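This report refers to the structure that appears directly beneath it.
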Amino acid sequence: MADVKLSNVKKSFGGTHVIRGVDLEINKGEFVVFVGPSGCGKSTLLRMISGLEDITDGVMEIGGQRVNELDPSKRGIAMVFQSYALYPHMTVRENMGFALKFAGVPKAEVASKVDAAANILGLGPLMDRKPKALSGGQRQRVAIGRAIVRDPKVFLFDEPLSNLDAELRVHMRIEIARLHRELGSTIVYVTHDQVEAMTLANKIVVLRAGLIEQVGAPLEVYDNPANTFVAGFIGSPKMNFFDGRVLGSDGPLCHVALAGFGELVVSVPLKGAAPAVGTEVQLGVRPEHFREDGDGRLPLTIDMLEHLGGETFAYARSASGGTIVIKTEHGRALQTGQAYGACFQTRLSLLFDKPGNRIY
């Protein structure tokens with residue numbers, strides 16, 4: 001395994017700037033997930049690490065070695081793509097060992113490495129099958145096995161689960177997490193699915209428009225988002241935002257009048273200097289922070305109920321028409337169209353300035 005370092009890395013296609021200056025350090029053995037909306041540059045950044053895309057500017061290092069001009073085959077990486085890219089005329093065993101055979105590795109060593117990878121991934125009974133006889137999850141495991149046998153310094157995964165159904169995605173997330181624990185390898189993983197990012201990563205890198213918005217451990221990014229973009233992207237359903245205006249402060253509390261609720265005033269805990277009176281702000285409240293014992297109460301009307309068995313998400317609206325998502329364990333007692341006083345815990349809410357930057 002090896003560390004990966006990006007220093008002011010940029011990528012342009014003609015006049016289009018896709019990666020606009022990324023600085024990032026990935027430590028040995030880390031599981032790092034690039035996450036962000038479509039078009040944010042996460043797959044391009046991964047392909048730059050692999051060598052499949054040239055670097056327009058900046059420095060890329062793998063294991064302390066500059067690799068900007070180094071051929072992909074010499075970087076010590078193995079990549080697992082969204083498409084399984086298996087040879088249809090070859091068996092599982094032949095697919096997994098092909099790269100080693102092509103590189104001139106002795107036959108006995110190829111067999112040993114293939115068998116070891118098959119054992120890790122539970123592919124033993126499938127070794128003589130061809131891809132058409134495998135399920136989607138089995139094909140993806142073969143693609144991962146083909147990467148394992150190369151014993152790379154860094155594993156690169158480009159949205160490997162996006163072609164699988166919901167149940168298989170959950171199963172494969174568990175398999176990949178287990179694989180990382182067993183191998184201890186450095187993994188860089190790209191996904192647009194923030195659930196995958198939260199459940200797999202040691203470190204999340206949130207990207208938007210070719211720039212890094214925030215880097216951190218999953219729960220740290222979830223609990224302490226740097227701005228409204230990160231707060232809205234990480235978390236499912238996403239955080240609710242309410243426009244407001246600062247009325248003043250009282251010790252550790254900031255008093256905010258919420259627009260659209262008859263100038264309802266809520267008091268939010270501060271961890272720094274209070275914003276000036278009259279400052280326009282945004283209040284962020286997670287769906288799970290609505291509780292019956294909450295000290296902030298919003299008059300709402302329920303539009304839709306999403307029953308998930310043990311919990312319910314209520315989609316409600318305020319008098320001004322904004323949509324608010326509320327997680328509740330008492331969904332069976334609610335009905336669409338009813339008036340609902342939603343209480344939330346103000347001590348858990350977050351405050352952002354009007355452009356979206358975190359105030360505290």
Side-chain angles (χ1 to χ4, degrees), residues 1-11 18-36 40-81 99 103 113 117 120 143-160 173 176-191 196-208 210-221 226 230 234:
M1 57 183 173
D3 56 353
V4 180
K5 185 177 181 181
L6 287 67
S7 302
N8 197 29
V9 167
K10 299 178 182 179
K11 176 64 180 180
V18 179
I19 302 297
R20 298 187 291 146
V22 166
D23 293 291
L24 179 65
E25 291 191 21
I26 299 170
N27 299 319
K28 292 179 182 179
E30 277 192 319
F31 196 130
V32 175
V33 176
F34 295 167
V35 66
C40 70
K42 55 188 182 295
S43 289
T44 299
L45 194 58
L46 190 79
R47 289 172 64 85
M48 291 166 72
I49 295 173
S50 72
L52 297 178
E53 291 287 355
D54 294 331
I55 298 171
T56 303
D57 198 7
V59 177
M60 179 90 65
E61 297 177 43
I62 298 177
Q65 177 187 9
R66 177 187 167 105
V67 297
N68 286 44
E69 297 82 21
L70 201 62
D71 188 85
S73 63
K74 298 179 181 178
R75 295 192 180 196
I77 57 95
M79 193 161 180
V80 179
F81 297 93
K113 289 188 173 184
I120 291 171
I144 294 171
R146 184 175 54 192
I148 291 174
V149 299
R150 297 178 60 189
D151 192 24
K153 296 177 183 177
V154 182
F155 284 94
L156 306 179
F157 288 80
D158 189 7
E159 302 201 49
R173 282 205 299 267
I176 291 172
R178 180 182 60 79
L179 181 67
H180 179 246
R181 287 196 305 271
E182 291 186 6
L183 298 180
S185 303
T186 306
I187 294 179
V188 185
Y189 187 105
V190 162
T191 181
E196 281 182 27
M198 291 291 291
T199 54
L200 287 173
N202 302 135
K203 180 191 290 181
I204 286 179
V205 179
V206 184
L207 289 152
R208 175 171 62 164
L211 292 171
I212 292 178
E213 292 289 330
Q214 189 168 355
V215 178
L219 290 180
E220 173 62 24
V221 173
V230 176
I234 300 296

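Keep in mind it's a predicted model, so treat the numbers as computed, not measured.
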| query | Do any N or O atoms from the side chain of T186 and from the backbone of G29 form a donor-acceptor pair under 3.5 angstrom? | reply | yes

| Rounded to the nearest 0.5 Å, what separation is found between the OG1 atom of T56 and the NZ atom of K10? | 9.5 Å

| Gap between atom CE of M60 and atom CG of N8 - 0.5 Å precision | 12.0 Å

| Which distance, rounded to the nearest 0.5 Å, do you find between the CD1 of I19 and the CG of L6? | 9.5 Å

| task | For the residue pair I212 and V206, establish whether any side-chain heavy-atom pair is separated by less than 4.5 Å. | result | no

| Step-by-step side chain to side chain donor-acceptor pair (under 3.5 Å) determination, D158 to S43 | CA-CA 7 Å; D158 189 7; S43 289; 3.0 Å; yes

| In Å and rounded to the nearest 0.5 Å, what is the NZ to CG distance from K11 to L45? | 11.5 Å

| query | Between V18 and G41, what is the shortest heavy-atom contact and its length? | reply | CG1-CA, 4.3 Å

| request: Compare every heavy atom of A117 with every heavy atom of G145, then report the nearest pair and how far apart it is. | output: O-CB, 4.1 Å

| R150 versus R146, closest heavy-atom pair with distance | CG-O, 3.7 Å

| Does the pair V33 and K203 meet the rule for a side-chain contact (heavy atoms from CB on, under 4.5 Å), with working shown? | CA-CA 6 Å; V33 176; K203 180 191 290 181; over 6 Å; no

| task | Locate the shortest heavy-atom distance separating Q214 from V230; write the atom from each residue and the value. | result | OE1-CG1, 3.4 Å

| task | Could you check I187 against F157 for side-chain contact (heavy atoms from CB on, under 4.5 Å), going step by step and ending with a plain yes or no? | result | CA-CA 8 Å; I187 294 179; F157 288 80; 3.6 Å; yes

| field | Residue pairs involving residues 63-77 (criterion salt bridge (charged side-chain N to carboxylate O under 4.0 Å, His left out); sequence neighbours excluded) | value | R66-E69

| field | Pairwise side-chain contact, Q65 with L70, heavy-atom cut-off 4.5 Å (strictly under) | value | yes

| note | Test side-chain contact (heavy atoms from CB on, under 4.5 Å), reference I26, set D3, V4, V205, output is V4

| query | So, for F34 and Y189, is the gap between ring centers shorter than 6.0 Å? | reply | no

| Hey, does M48 have a side-chain heavy atom less than 4.5 Å from the side chain of D54? | no

| Residue pair V59, V9: steps toward the side-chain contact (heavy atoms from CB on, under 4.5 Å) verdict | CA-CA 6 Å; V59 177; V9 167; 6.0 Å; no

| message | For the CE atom of M79 and the OG atom of S50, what is their distance to the nearest 0.5 Å? | response | 4.5 Å

| request: Taking all heavy atoms of I120 and all of E182, pick out the closest pair and write down the distance. | output: CG2-OE1, 3.7 Å

| query | Is N202 reaching over with its side chain to a backbone N or O of E30, donor-acceptor style, under 3.5 angstrom? | reply | no

| request: Return yes if some donor-acceptor pair links the side-chain N/O of E213 with the main-chain N/O of L207 below 3.5 Å, else return no. | output: no

| Exercise: identify the closest heavy-atom pair between I77 and P152 | C-CB, 3.8 Å

| Given I144 and L179, is the side-chain contact (heavy atoms from CB on, under 4.5 Å) satisfied, shown in steps? | CA-CA 10 Å; I144 294 171; L179 181 67; 3.5 Å; yes

| Do K42 side-chain atoms and G36 backbone N/O form a donor-acceptor pair below 3.5 Å? | yes

| N68 side chain vs G58 backbone, donor-acceptor pair below 3.5 Å | yes

| Separation of L24 CG from K5 NZ (nearest 0.5 Å) | 11.0 Å

